[in-house]
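Below: the structure, in structure tokens.
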Amino acid sequence: MASNVPEKQWAMVIEKTGGPVDYKQIPVAKPGPDEVLVNIKYSGVCHTDLHAVNGDWPLATKLPLVGGHEGAGVVVAKGELVTDVEIGDHAGIKWLNGSCLSCDFCQTGDEPLCAKALLSGYTVDGTFQQYAIGKAAHVARIPKDVPLDAIAPILCAGITVYKGLKESGARPGQTVAIVGAGGGLGSLACQYAKAMGLQVIGIDTGDEKAAMSKKLGAHTFVDFAKSSNVVKDVQAATEDGLGPHAVILVAVNEKPFQQATEYVRPRGTVIAIGLPAGAFLRAPVFETVIGVKTIKGSYVGNRKDTSEAIDFYRRGLINAPFKTIGMSELQKVYDMMHEGKIAGRYVVDTSK
Ligand SMILES: NC(=O)c1ccc[n+]([C@@H]2O[C@H](COP(=O)([O-])OP(=O)(O)OC[C@H]3O[C@@H](n4cnc5c(N)ncnc54)[C@H](O)[C@@H]3O)[C@@H](O)[C@H]2O)c1
Ligand SMILES: [Zn+2]
Ligand SMILES: [Zn+2]
């Protein structure tokens, strides 16, 4: 372990599901043989972190829990089996903290499906602390010319929407609707879609999110709260009125998951990414069949998706807004997120 690693550090911890999240000092963990210890400088706040606090999903978290899975920082220690990450390297701890590397899914680059996957800020402690552990095989390699605050949101939101866009099969020139375009994943989805040569329809609510979505690449914005007919408005936003070729669902409510199958273009694909509590996908069988529509889930990304998503940023293609706040103020971010008031992403600075 590097000599400047302290015994104790600041962290945001929940003791029980439902919170509150407390700012307190906890011990710094020691990396196991195949792990690295990363001095987290910045961590993005994903809506998943809020689902974890609230216990929304049919999957229990560890407790007490340090949340966070968009952590970017500097490697300060490593286990004896780690040969391809060096002390001083910049690294990211993402949702997929580790996987078995040998099951059928891991062997085929589908490691998010690994039954033994470790999830940062959920089944293992995450990045709302100054020093976090990651499996060396899975930490994101971050080039040193990339700023650690701006890259943090890419480590979940960016990877996830980039993968979702690839899974949609949408090709350059085609149209994609981003549902939840003003949020953390949505703002990045607008940028990745634009960079991939797609035309973008943004769907969300409020003037701030409308203006931001347009700035990030949406040619049309549909305000779901103001529109009297979202399905018609989304279809009307495509040149021939037949609807978008793909829909990326990153909203945190169930209703748009039902609407998407109605307005997606025949032969089109609906990609479900958002995870509203207790929600169901529902589609009319007749229209889905005769429209040859595809509905599929998409879940984070693999290590290759990770490096590609980071490379898009490095090449200057991604410039989604984020605001920085002290880590000790995490509860404020959760409160704003709960109210749907965040346009883009918040990133916490672990030094404050
Ligand atoms: N599948 C995955 O791999 C994966 C990865 C990361 C996050 N997620 C999930 O994605 C979701 C979004 O995360 P986030 O951090 O971007 O959240 P966020 O709170 O930043 O954004 C959600 C956005 O959805 C908008 N929204 C709410 N209702 C809507 C509606 N009816 N129509 C259109 N937009 C609507 C909100 O206004 C907000 O802007 C969460 O459920 C999160 O857990 C999934
Ligand atoms: Zn996330
Ligand atoms: Zn595996």
Side-chain angles (χ1 to χ4, degrees), residues 43-52 54 56-57 67-71 94-96 98-122 126-127 137-138 152-164 167 177-189 202-206 208-210 212-213 221-225 227 230 234 247-260 271-277 279 296-302 305 320 322 333-334 336-346:
S43 183
V45 184
C46 180
H47 208 110
T48 292
D49 299 310
L50 183 54
H51 291 303
N54 292 339
D56 280 351
W57 297 343
H69 56 272
E70 289 184 345
K94 52 191 176 56
W95 176 248
L96 209 67
S99 71
C100 82
L101 303 177
S102 59
C103 71
D104 189 56
F105 298 115
C106 284
Q107 286 196 42
T108 52
D110 239 348
E111 59 245 25
L113 303 182
C114 176
K116 292 183 181 154
L118 305 173
L119 310 175
S120 304
Y122 208 93
T127 55
H138 275 284
I154 307 294
L155 296 171
C156 172
I159 295 166
T160 301
V161 299
Y162 172 59
K163 178 69 159 193
E167 290 277 356
I178 311 291
V179 188
L185 268 66
S187 55
L188 280 161
I203 305 164
D204 208 311
T205 191
E208 190 186 3
K209 291 178 181 178
M212 186 190 73
S213 305
F221 182 83
V222 176
D223 190 318
F224 71 84
S227 167
V230 169
V234 173
V247 183
I248 303 291
L249 286 162
V250 288
V252 288
N253 284 309
E254 184 176 24
K255 194 170 177 197
F257 285 74
Q258 328 285 8
Q259 289 169 333
I271 300 286
I273 290 177
L275 292 159
K296 56 201 262 207
S298 186
Y299 179 41
V300 289
N302 64 21
D305 300 315
F322 64 92
V333 181
Y334 285 154
M336 286 185 280
M337 187 175 265
H338 176 68
E339 289 169 23
K341 285 196 179 139
I342 302 176
R345 206 44 140 201
Y346 264 88

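When a ligand or atom number is given, it counts from 1 through the structure's own listing order.
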Heavy-atom side-chain contact between Asp49 and Tyr334 under 4.5 Å: yes
With the Zn ion (ligand 3) at the apex, how many degrees lie between SG of Cys100 and SG of Cys114, rounded to 10 degrees? 110°
Counting non-hydrogen protein atoms only, what is the nearest one to atom 6 (C) of ligand 1? Give residue, atom name and distance. Cys156 SG, 3.4 Å
Per side-chain contact (heavy atoms from CB on, under 4.5 Å), Ile203 is matched among Ile178, Val222, Val250, Leu249 by Val222
Is there a polar contact between ligand 1 and Ala251, counting only N or O atoms under 3.5 Å apart? no
How far is atom 23 (C) of ligand 1 from its nearest protein heavy atom, and which residue and atom name does that atom have? Asp204 OD2, 3.8 Å
Need the ligand 1 atom indices (1-based, order shown) with element for anything under 4.0 Å from a heavy-atom of Cys46. 6 (C), 7 (C), 15 (O)
Just need the protein heavy atom nearest to atom 15 (O) of ligand 1, so name the residue and atom and give the distance. Arg345 NH1, 2.6 Å
Would you check if Thr48 and Trp57 make a side-chain contact, meaning some heavy-atom pair closer than 4.5 Å? yes
Can you check whether Leu50 reaches His338 side chain to side chain, under 4.5 Å on heavy atoms? yes
contact_flag Gln259 ligand 1 heavy-atom lt 4.0 Å: no
Could you give me the CA-CA distance, side-chain angles and deciding distance for Lys296 and Glu167, then say whether salt bridge (Lys or Arg N to Asp or Glu O under 4.0 Å) is met? CA-CA 9 Å; Lys296 56 201 262 207; Glu167 290 277 356; 3.1 Å; yes
Can you measure from SG (Cys46) to CG (Leu155) and round to the nearest 0.5 angstrom? 11.0 Å
Looking only at distances, can you tell me whether any N or O atom of His51, backbone or side chain, sits closer than 3.5 Å to an N or O atom of ligand 1? yes
Quick check: of its N, O or S atoms, which one does His69 have closest to the Zn ion (ligand 2)? NE2
At what distance is the nearest protein heavy atom to atom 21 (O) of ligand 1, and which residue and atom is it? Gly183 CA, 3.4 Å
Which value, rounded to the nearest 0.5 Å, describes the distance between Asp223 atom CG and Thr205 atom OG1? 3.5 Å
Heavy-atom contacts with Asn253 under 4.0 Å: which atoms of ligand 1 show up? List them by number with element. 27 (C), 28 (N)
Within-cut-off N or O pair, Pro256 and ligand 1, under 3.5 Å: no
I need the contact type for Lys255 against ligand 1. Using non-hydrogen atoms and a strict under-4.0 Å cut-off, is it side chain, backbone, both or neither? neither
Nearest protein heavy-atom contact for atom 3 (O) of ligand 1: which residue, which atom, what distance? Val300 N, 2.6 Å
Has ligand 1 got any nitrogen or oxygen that is less than 3.5 angstrom from a nitrogen or oxygen of Gly344? no
Taking N or O atoms only and a 3.5 Å limit, does Pro276 qualify as a polar contact for ligand 1? no
Quick one: OG on Ser298 to CD1 on Ile271, what's the gap to the nearest 0.5 Å? 5.5 Å
Note: ligand 1 atoms sitting under 4.0 Å from heavy atoms of Val250 are 11 (C), 12 (C), 22 (C)
For the 3.5 Å polar cut-off, considering only N or O atoms, please tell me whether Phe224 and ligand 1 meet it. no
State the atoms of ligand 1, each with its element, that fall below the 4.0 Å cut-off from a heavy-atom position in Ile203. 33 (C), 34 (N)
Of Leu185, Asp223, Ile271, the residue with the heavy atom nearest atom 16 (O) of ligand 1 is Leu185
Metal proximity, His47 vs the Zn ion (ligand 2), N/O/S cut-off 2.8 Å: no
For Ser187 and Gly184, indicate whether the former's side chain and the latter's backbone hold a donor-acceptor pair under 3.5 Å. yes
To the nearest 0.5 angstrom, please state how far the OH atom of Tyr346 sits from the CE atom of Met336. 3.5 Å
Kindly determine whether Glu208 and Lys341 satisfy salt bridge (Lys or Arg N to Asp or Glu O under 4.0 Å), including the steps that lead there. CA-CA 9 Å; Glu208 190 186 3; Lys341 285 196 179 139; over 6 Å; no
Going by the side-chain contact (heavy atoms from CB on, under 4.5 Å) test, name the single residue among Gln107, His138, Lys116 that passes it with Leu101. His138
Ligand 1 versus Thr160, non-hydrogen atoms closer than 4.0 Å: side chain, backbone, both, neither? side chain
Go through ligand 1 atom by atom and flag the ones less than 4.0 Å from a non-hydrogen atom of Lys209. 36 (C), 37 (O), 38 (C), 39 (O)
For ligand 1, is there an N or O atom under 3.5 Å from any N or O atom of Val45? no
Can you name the atoms of ligand 1, numbered from 1 with element, that are less than 4.0 Å from a heavy atom of Gly182? 39 (O)
What protein heavy atom sits nearest atom 20 (O) of ligand 1, and how far away is it? Gly184 N, 2.9 Å
Evaluate whether atom NZ of Lys255 has more than 12 neighbouring non-hydrogen atoms of other residues, nucleotides or ligands under 6.0 angstrom away. no
Are any of the N/O atoms on Thr205, whether in the backbone or the side chain, positioned under 3.5 angstrom from an N/O atom of ligand 1? no
Is the closest heavy atom of Ile342 to ligand 1 under 4.0 Å? no
Close-contact set for ligand 1 against Trp57 heavy atoms, below 4.0 Å: 43 (O)
Nearest protein heavy atom to atom 44 (C) of ligand 1, by residue and atom, and its distance? Ile273 O, 3.1 Å
Just so I know, are the side chains of Pro276 and Phe257 near enough to count as touching, which here means a heavy-atom distance under 4.5 Å? yes
Evaluate the criterion side-chain contact (heavy atoms from CB on, under 4.5 Å) for residue pair Val179 and Ile248; output intermediate values, then yes/no. CA-CA 6 Å; Val179 188; Ile248 303 291; over 6 Å; no
To the nearest 0.5 Å, what is the distance between CD on Glu70 and SG on Cys156? 5.0 Å
Side chains of Asp110 and Asn302: does their closest heavy-atom pair fall under 4.5 Å? no
Looking at CD1 of Ile154 and NZ of Lys94, how far apart are the two atoms once the value is rounded to the nearest 0.5 Å? 14.5 Å
When you measure from atom 43 (O) of ligand 1 to every protein heavy atom, which one gives the shortest distance, and what is it? Thr48 OG1, 2.7 Å
Taking only heavy atoms of His47 into account, list the atoms of ligand 1 that are under 4.0 Å away from them. 13 (O), 14 (P), 15 (O), 17 (O), 18 (P), 19 (O), 40 (C)
Any non-hydrogen side-chain atom of Glu111 less than 4.5 Å from a side-chain atom of Leu96? yes
Contact region, Ser298 to ligand 1, non-hydrogen atoms below 4.0 Å, reads backbone
